[in-house]
Structures are given as structure tokens and as C-alpha cells.
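What follows is a set of notes on a single structure, which appears directly below.
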Protein chains: 2
Amino acid sequence: MNIEEIRKAIHQHIEAKGLRKTIQRDAIIRAAFSTKEHFTAEGLLEMARKIEPTVSRATVYRTLPLLVEAGTLREMDFGKDYKFYDPNFNERPTHAHLICQDCNKIFEFEDAHMDILENCISHRLGFTPMTKTLRIEGRCNTMAKDGKCDGRGELALGTR
Amino acid sequence: MNIEEIRKAIHQHIEAKGLRKTIQRDAIIRAAFSTKEHFTAEGLLEMARKIEPTVSRATVYRTLPLLVEAGTLREMDFGKDYKFYDPNFNERPTHAHLICQDCNKIFEFEDAHMDILENCISHRLGFTPMTKTLRIEGRCNTMAKDGKCDGRGELALGTR
DNA sequence: CTCGTTGCAAATCTTTTGCATGTTT
DNA sequence: AAACATGCAAAAGATTTGCAACGAG
């Protein structure tokens with residue numbers, strides 16, 4: 001799903017709700033999906049203003065729920081006092097997060113077994129899973145052994 | 001781990017930090033672990049005041065991090081604007097949550113396969129897992145079939 | 001007696017909202 | 001023209017903090 005498809009999906013959702021297409025909303029959408037990084041409302045405001053300087057904080061906060069409702073953006077809790085948003089669920093619908101307690105980097109990973117197991121458990125409990133969130137916080141093994149944390153990038157992507 | 005053991009563990013942690021034992025803190029501890037329900041800071045204040053009326057909101061907010069640090073209480077995000085706390089990780093260290101989107105009840109479950117798989121994945125990625133959080137939101141199958149949601153209790157406990 | 005602790009109220013910080021004005025259809 | 005959207009600034013709501021009085025060791 002590239003950015004044009006995402007934009008189309010969101011505009012469809014917006015239209016279905018009887019709402020309108022505006023330059024501010026479109027700038028916010030473009031900004032949100034121009035990155036693979038997780039971002040905050042404030043960060044999104046900054047990014048959107050580079051595209052369209054008239055975007056206001058209020059419009060960002062009013063638009064974010066639309067992107068979440070449309071199923072294109074996921075609200076995330078990383079233990080901070082403000083919300084983060086993850087734009088990568090379009091590409092990798094079942095990914096989970098591993099947070100390094102040594103360097104604070106957040107890694108994304110997908111695992112088919114995990115996905116299947118989550119589905120099994122849900123059904124055994126009598127539910128059809130809609131949203132699954134797995135977050136693992138851990139210590140870097142290299143850090144424990146050699147005293148240095150080898151996080152290989154801000155956002156490590158890859159199915160293992 | 002019963003409440004007396006939990007109190008002891010927390011008092012040990014508090015002492016180790018060079019802090020003091022007070023009636024307000026103890027009331028908050030007793031309140032927090034007198035229930036299996038998830039609670040908010042405000043809810044804990046209410047419960048603690050039934051034990052010791054002099055407890056103030058500020059002290060609750062100052063004490064909560066101590067219980068979390070001591071490893072006896074887990075901070076939880078259930079998508080609301082305020083934090084929830086889960087006192088059940090002492091009894092069931094690896095439990096996860098399933099939230100019914102039809103009735104909003106939160107079920108707790110444990111699954112050994114899940115636990116093992118999470119550990120495997122963590123090690124494969126080069127980490128030793130410290131905290132694992134799994135939350136599944138889903139639709140009730142009975143609701144879908146019969147139009148009624150049969151959540152069998154506020155907090156369903158049990159390994160399946 | 002010393003230093004941590006408490007309650008209160010004020011401050012903080014993110015997110016929400018009322019309102020007058022501007023835009024989309 | 002009608003209905004929705006926007007920016008601004010004020011409001012809201014959870015959590016934090018400064019401070020003077022209090023309490024544990």
C-alpha cells in the first residue's frame with residue numbers, strides 16, 4: 001500500500017462520513033505517511049507545516065482520529081505521557097514492537113507463529129481478534145556481554 | 001504471593017532507597033492489593049481513603065511509581081486518557097489481556113506457548129525480555145451469532 | 001534533631017473545545 | 001447558500017511540583 005493508495009483510502013473514509021477534503025487534511029495525511037518513524041501529534045504538526053504552513057495544532061488533533069478510524073494509522077503507547085502513532089501497519093499489518101531498555105530504540109518485527117497463536121487463543125476464548133498489540137521490553141544481549149549496545153538502526157524492520 | 005509478602009517486598013524496596021515507612025503509603029499499598037480489579041490513580045485514592053482518610057491525591061501519585069519500581073504493580077494502557085494499574089502480575093506473572101469490543105470487559109489469560117514464543121523471538125533478536133505486554137481487542141463470537149454478549153464476569157481469570 | 005513526607009493549591013502539559021471566520025460543494 | 005472546517009485562544013483533565021508544616025528514625 002503506497003502513499004497514494006493510503007490517501008485514497010482515507011479520502012474515501014472521509015467522504016463516507018460526509019466530511020470534506022481540505023488542503024490542511026491532505027497535508028497532514030501526506031506528512032503522516034511520508035515517514036516510517038513513530039511520531040507524536042506535535043511532531044506531525046511540524047511535519048505537516050513543512051508541506052502546508054497554515055496547518056494548525058487543532059486541525060492535527062482533529063484529523064488524527066480520522067486516520068485511526070480509517071484503519072491506516074495505529075495509536076501506540078510507549079509508556080510516555082503523550083501518544084505515539086505508527087504508520088507502518090499498512091505495510092506490515094501484524095508487526096509487534098521490541099523496545100531496547102539500554103538504548104531506547106524501538107524495533108519492529110513480524111512473526112507468523114505469533115500471529116497464528118494469537119488467533120488461536122482468541123478463538124478459544126470465544127472472540128474474533130480485531131486489534132493485536134504486543135510490546136516486549138528487554139535488555140540488549142550485546143550490551144550485557146560487551147558493554148555496548150548494538151542497536152543497528154533507529155527502526156529495524158524485517159520478518160525473522 | 002499474598003498481600004503480606006507483597007507489603008514486605010515493597011517495604012524492602014522503599015527502605016533500600018533510603019525512604020521511610022508511613023501510614024499513608026501503607027494504606028495505599030493495602031488498597032492497591034486488596035482487589036483484583038484494574039484501577040486508576042483516582043480509584044486508588046478512593047480505596048486508600050477508606051483505610052486511612054488522611055491520604056491525599058499527591059501522595060497516591062507519589063507512591064504509585066514506587067509500587068511499579070518494586071515490580072509489584074504494572075502500569076497499563078487501555079486506550080483511555082488516564083493510566084490503569086494491574087495488581088495481578090504477582091499471582092500471574094505472564095498474563096495478557098483480551099478486551100471485548102462489544103461489552104468492554106477485560107479478560108486476563110495466560111498461555112505457556114505464548115510465553116515461550118515471546119522469549120524465543122526476543123533472543124533471536126538479540127534481547128533478554130524483561131516486560132512483555134500483549135493486548136488483544138476483539139469481537140465476542142456469541143454476540144455475532146446470537147446478538148448477545150456473554151462476558152462471564154468482570155474479570156475472567158484462568159489459564160486455557 | 002535531621003531529613004524525608006505530607007497536603008494543599010498552583011503549575012504543567014497534552015489534548016479538547018467554543019467561536020467567529022473562511023472554504024468546500 | 002448551506003454545511004463543514006479552520007485557527008486561535010481558552011478550557012479541560014490527568015499528573016506533577018513548590019512550599020510550609022509534620023513525622024519517622
Side-chain angles (χ1 to χ4, degrees), chain A residues 7 10-32 38-70 73-85, chain B residues 7 10-32 38-70 73-85:
Chain A
R7 282 180 63 216
I10 296 171
H11 286 139
Q12 230 154 38
H13 173 77
I14 284 178
E15 195 170 1
K17 292 192 71 172
L19 306 180
R20 288 166 187 173
K21 193 157 104 168
T22 69
I23 47 174
Q24 288 88 350
R25 274 181 187 154
D26 200 48
I28 293 168
I29 294 165
R30 285 178 184 284
H38 306 137
F39 53 80
T40 63
E42 196 63 26
L44 180 57
L45 172 62
E46 240 174 84
M47 296 191 288
R49 277 185 168 164
K50 283 183 190 152
I51 297 173
E52 172 55 56
T54 69
V55 170
S56 73
R57 183 170 285 103
T59 299
V60 168
Y61 276 106
R62 284 190 272 235
T63 302
L64 275 168
L66 295 176
L67 308 197
V68 173
E69 280 169 31
L73 190 63
R74 279 272 289 274
E75 198 174 293
M76 290 280 123
D77 166 56
F78 290 128
K80 299 284 182 183
D81 297 324
Y82 32 84
K83 291 171 187 147
F84 277 86
Y85 294 88
Chain B
R7 281 181 64 216
I10 296 171
H11 286 140
Q12 231 155 38
H13 173 77
I14 284 177
E15 196 170 0
K17 293 192 72 173
L19 306 180
R20 288 167 187 171
K21 193 158 103 169
T22 68
I23 47 174
Q24 287 87 350
R25 275 182 187 154
D26 200 48
I28 292 168
I29 294 166
R30 286 177 185 285
H38 306 138
F39 53 79
T40 63
E42 197 63 25
L44 181 56
L45 172 62
E46 240 175 84
M47 295 191 288
R49 277 185 168 163
K50 283 183 189 151
I51 297 173
E52 171 55 55
T54 69
V55 170
S56 73
R57 183 171 286 104
T59 299
V60 168
Y61 277 107
R62 284 190 274 235
T63 301
L64 274 168
L66 296 176
L67 308 196
V68 173
E69 279 169 32
L73 190 63
R74 280 272 289 275
E75 197 174 294
M76 290 281 122
D77 166 55
F78 289 128
K80 298 284 183 182
D81 297 325
Y82 33 84
K83 291 171 186 147
F84 277 86
Y85 294 88

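Owing to the predicted nature of the structure, the values given are computational and were not obtained by experimental measurement. Labels below follow one simple rule: chain letters A, B, ... track the order of the sequence lines, proteins then strands, and each chain is numbered from 1. Atom set for the values below is all heavy atoms of this structure, side chains included, hydrogens, waters and symmetry mates excluded.
- The distance between atom CD of Q24(B) and atom P of dC8(C), rounded to the nearest whole Å, is 11 Å.
- Crowding of E69(A) atom CD: a count of heavy atoms from other residues, nucleotides or ligands under 6.0 Å exceeding 12.
- In this structure, the separation between CD1 on I28(A) and CZ on R49(A) is 10.0 Å, given to the nearest 0.5 Å.
- If you measure from atom CG of L66(B) to atom P of dT15(D), you get 16 Å, rounded to the nearest angstrom.
- With rounding to the nearest 0.5 Å, the separation of CD in E75(A) from NZ in K83(A) is 4.5 Å.
- Using the six-membered ring where Trp is involved, H38(B) and F78(B) have ring planes that are tilted, between 30° and 60° apart.
- Note: K17(B) NZ to Q12(B) CD = 15.0 Å, rounded to the nearest 0.5 Å.
- Place K21(A) and V60(B) on DNA chain C by their nearest nucleotides, and V60(B) ends up nearer the 5' end.
- A side-chain contact (heavy atoms from CB on, under 4.5 Å) with Y85(B) is found for one member of L44(B), V68(B), L67(B), T40(B) and no other, namely V68(B).
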Are there any protein N/O atoms within less than 3.5 Å of an N/O atom in nucleotides 1-4 of chain C, and if so, which ones and at what distance?
unit_1, atom_1, unit_2, atom_2, d
dC3(C), O2, R20(B), NH1, 2.7
dC3(C), O2, R20(B), NH2, 3.3
dG4(C), O4', R20(B), NH1, 3.4

Please evaluate residues K21(A) and D26(A) with respect to the criterion salt bridge (charged side-chain N to carboxylate O under 4.0 Å, His left out), reporting the C-alpha separation (whole Å), side-chain torsions for both, the decisive distance (0.1 Å), and the verdict. CA-CA 7 Å; K21(A) 193 157 104 168; D26(A) 200 48; over 6 Å; no
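- Separating the CZ atom in R30(A) from the CZ atom in R7(A) is a distance of 3.5 Å, to the nearest 0.5 Å.
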Pairwise N/O distances under 3.5 Å, protein to nucleotides 14-21 of chain C:
unit_1, atom_1, unit_2, atom_2, d
dT15(C), OP1, K83(A), N, 3.1
dT15(C), OP2, Y61(A), OH, 2.5

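- A donor-acceptor pair under 3.5 Å links the side-chain atoms of T63(A) to the main chain of T59(A), judged by distance alone.
- Regarding D26(B), its CG atom lies at a distance of 14 Å from the C1' atom of dA24(D), rounded to whole Å.
- For the pair M76(B) CE and dA14(D) P, the computed distance is 20 Å after rounding to whole Å.
- Distances shorter than 4.0 Å separate some side-chain N or O of T22(A) from OP1 or OP2 on dT6(D).
- Residue L45(B) contributes atom CG, which lies 13 Å from atom C1' of dA14(D) at whole-angstrom precision.
- As rounded to whole Å, 14 Å separates atom P of dG22(C) from atom CD1 of I23(A).
- Atom pair K17(B):NZ and dG25(D):C1' shows a separation of 19 Å (rounding to whole Å applied).
- Whole-Å rounding puts the I14(A) CD1 to dT25(C) P distance at 11 Å.
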